[in-house]
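What follows is a single structure, written as C-alpha cells, with notes after it.
Order of appearance sets the numbers: ligands from 1, and atoms from 1 within every ligand.
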Amino acid sequence: MTGYSPRFHRLDKLLTDNRAFWQFMPFAATDLIWQSSHPGLCDWLNGLSDEAIAAFLHDGEALALALSPWLPAAPELYRLSQLEALQPSGDASEPAWPQGLDVGIPGRKWQQITAFNRATPALQLPILEWCAGKGHLGRVLAVSHQMPVVSLEWQQTLCEEGDVAARRLQLPIRFVHADAFEPASAEHVLARQHAVALHACGDLHVALLQRVTERRGKAVTISPCCYHLIRESHYQPLSRVGQQSQLQLSKHDLRLPLQETVTAGQRVRRQRRTEVSFRLGFDSLQRFVRGSDTYLPVPNVQKAQLNAGFASFCRWAAEKKQLELPSAIDFEHWLQQGEQRFARVERMELVRQLFRRPLELWLIEDRVGYLEERGYQVSVGAFCDKPVTPRNILIHAERKDN
Ligand SMILES: C[S@@+](CC[C@H](N)C(=O)[O-])C[C@H]1O[C@@H](n2cnc3c(N)ncnc32)[C@H](O)[C@@H]1O
C-alpha cells in the first residue's frame, strides 16, 4: 500500500477530534472521566461484565460498533486501522536453511524473523542490520539473500555471541560493536546497501531512517517498536504533514500502541488485577493522608511484596514516597477503593483500546511521509499475524533515483 497522505490526514483528524477519549491517564483519574460529558457511555461501561470486556478486547470491530453511539467515528477508526497482509516478496519458497541456523532462537522469534525475511525484497545489495542483538535476523538474511551482512549492536556480549554463531555457520557476517546514536555509526550506512531493523526501539529506528536518507541509502526495511523510547519529553514528528498536526504526544501517549492486554493469560491477568488494585488503593489512601487530590507514582514492585498483602504494600509504598501513615488505617476500605478504581481503569482502557492501532498507524505514516518526502517509494503492511508479534508492521522504502 502506498500514497499514504489521505489516510494520515483522516487518522490525524479523528485522533485530534477525539482526544478526550484516549489522551489522558486512566490511572490518575478517580472516576470515569466522561461522567459529565457522556453519562450514557459511563452507564454502558459500568454495566459491562468482566467477560464482556474480555470479549470486546478480542473483537475490535464489535467494540467499535458498540461505542459508536457516543463515538460516531469509531467504525471508521476501526476501518482505517486495518492493514493488508504483506505477500511474500519474490520466490515464495524459502531456501533450505543450513542445519543449526535456528539454534538459540526462541520459537516465536524464529517465526518473526522468517516472516520478516519473506516480506523483505531481495535486492542483491549488501545488508546492514541495525540494533542487531545476536544477529538472528542477519543470519537468516545472509542465507536467504546470499549477501554479506554488517550487524551493528551496542552490547558487546551480544556481538560476541552473534559472531560465534555466524562463524560456526561460515556466513559472511561482520559485527560492529557501536552505539547507533554516535555520529561515527552513520559511516556504516552506505548508498549501495539495504538497511534493516527488526524491532529497534523508538529513536533507534528513527535514527536509522535519518541516516539512510542523509546518506542516500538505496533501501531500508524496518519493523518499529517501543515508540515511547525517545530522548525528548514529547514525540517529534518526522514528516512535514506530521509536523503540521495539532497532536502533542507524551511518552505516556506513545505507550498506547503497545498496550495489548489481549495476549495475557489468566494467571498474568489475575496478578495484574491484584497489583493495580493495590496501587490504586494506596493512591486513594495517600490522597486522603496528604489532603491532596493528585496522583503519586510508586516505583516497580517485587511480586513477593504483593504476596505480603495490601497493608504491607501500603507501608512499603509509603516508605518509598517518604509519607507518614497514621497508626489506625482501615485497609479494608482503601483496598475496596482500589478494586473499584481498577474496574473503572479497565473500562477507560477499553475505550482507549479503540485508538491503539490508529495511533500506531499515525506514527507509521509519519515515518512513511518522512521517507516519501525524501524521494523514497514506500510500502507498508503486516508481515505476520498478531499472535506471532503484535508489532507486526513492516515499512519498506526504496530510493527512486539510484
Ligand atoms: C528489541 S532488541 C531487537 C534485537 C533484534 N533486532 C531482534 O529483533 O531480535 C533491540 C536491540 O537494540 C540494541 N540497542 C539498544 N540501544 C542501542 C544503541 N544505542 N546502539 C545500538 N544498539 C542498541 C539492544 O542492545 C538490543 O539488542
Test your reading of the structure: does W130 have an N or O sitting under 3.5 Å from an N or O of ligand 1?
no

Above 12 or not: heavy atoms from other molecules or residues under 6.0 Å from NZ of K320?
no

Under the side-chain contact (heavy atoms from CB on, under 4.5 Å) test against R174, which residue among L152, V149, V150 passes?
V150

Short N/O distance, under 3.5 Å, between E129 and ligand 1?
no

Should the proximity of H136 to ligand 1, defined as any heavy atom under 4.0 Å, be assigned to the side chain, the backbone, both, or neither?
neither

Could you check atom 17 (C) of ligand 1 against the protein and tell me its nearest heavy-atom contact, residue, atom and distance included?
W154 CB, 3.6 Å

Can you establish whether the number of heavy atoms outside R255 located under 6.0 Å from its atom CZ is more than 12?
no

Within the structure, is a non-hydrogen atom of D179 found at a distance of less than 4.0 Å from ligand 1?
yes

State whether the shortest distance between N or O atoms of C131 and N or O atoms of ligand 1 falls below 3.5 angstrom.
yes

CZ-CG distance between R168 and D163, expressed to the nearest 0.5 angstrom:
11.5 Å

How far is atom 9 (O) of ligand 1 from its nearest protein heavy atom, and which residue and atom name does that atom have?
K109 CE, 2.9 Å

Within-cut-off N or O pair, H199 and ligand 1, under 3.5 Å:
no

What part of L137 sits under 4.0 Å from ligand 1 if we count only heavy atoms: the side chain, the backbone, both or neither?
neither

Using heavy atoms and a 4.0 Å limit, tell me yes or no: is A178 in contact with ligand 1?
yes

From E398 atom CD to L125 atom CG, the distance as rounded to the nearest 0.5 Å:
8.5 Å

Looking only at N/O atoms, are L198 and ligand 1 under 3.5 Å apart anywhere?
yes

Closest to atom 26 (C) of ligand 1 (judged by heavy-atom distance), picking from E182, Q156, E153, K134:
E153

Note: D283-R287 ion pair, threshold 4.0 Å (strictly below)
yes

Are the charged groups of E319 and R315 less than 4.0 angstrom apart, N to O?
no

Counting only heavy atoms not in R240, do more than 12 sit closer than 6.0 Å to its CZ atom?
no

Report yes or no: does a heavy atom of A132 sit under 4.0 Å from some atom of ligand 1?
yes

Contact check: A180 vs ligand 1, nitrogen or oxygen atoms, below 3.5 angstrom:
yes

Count the heavy atoms belonging to other residues, nucleotides or ligands that lie under 6.0 Å from CD of Q35, then report whether that count exceeds 12.
yes

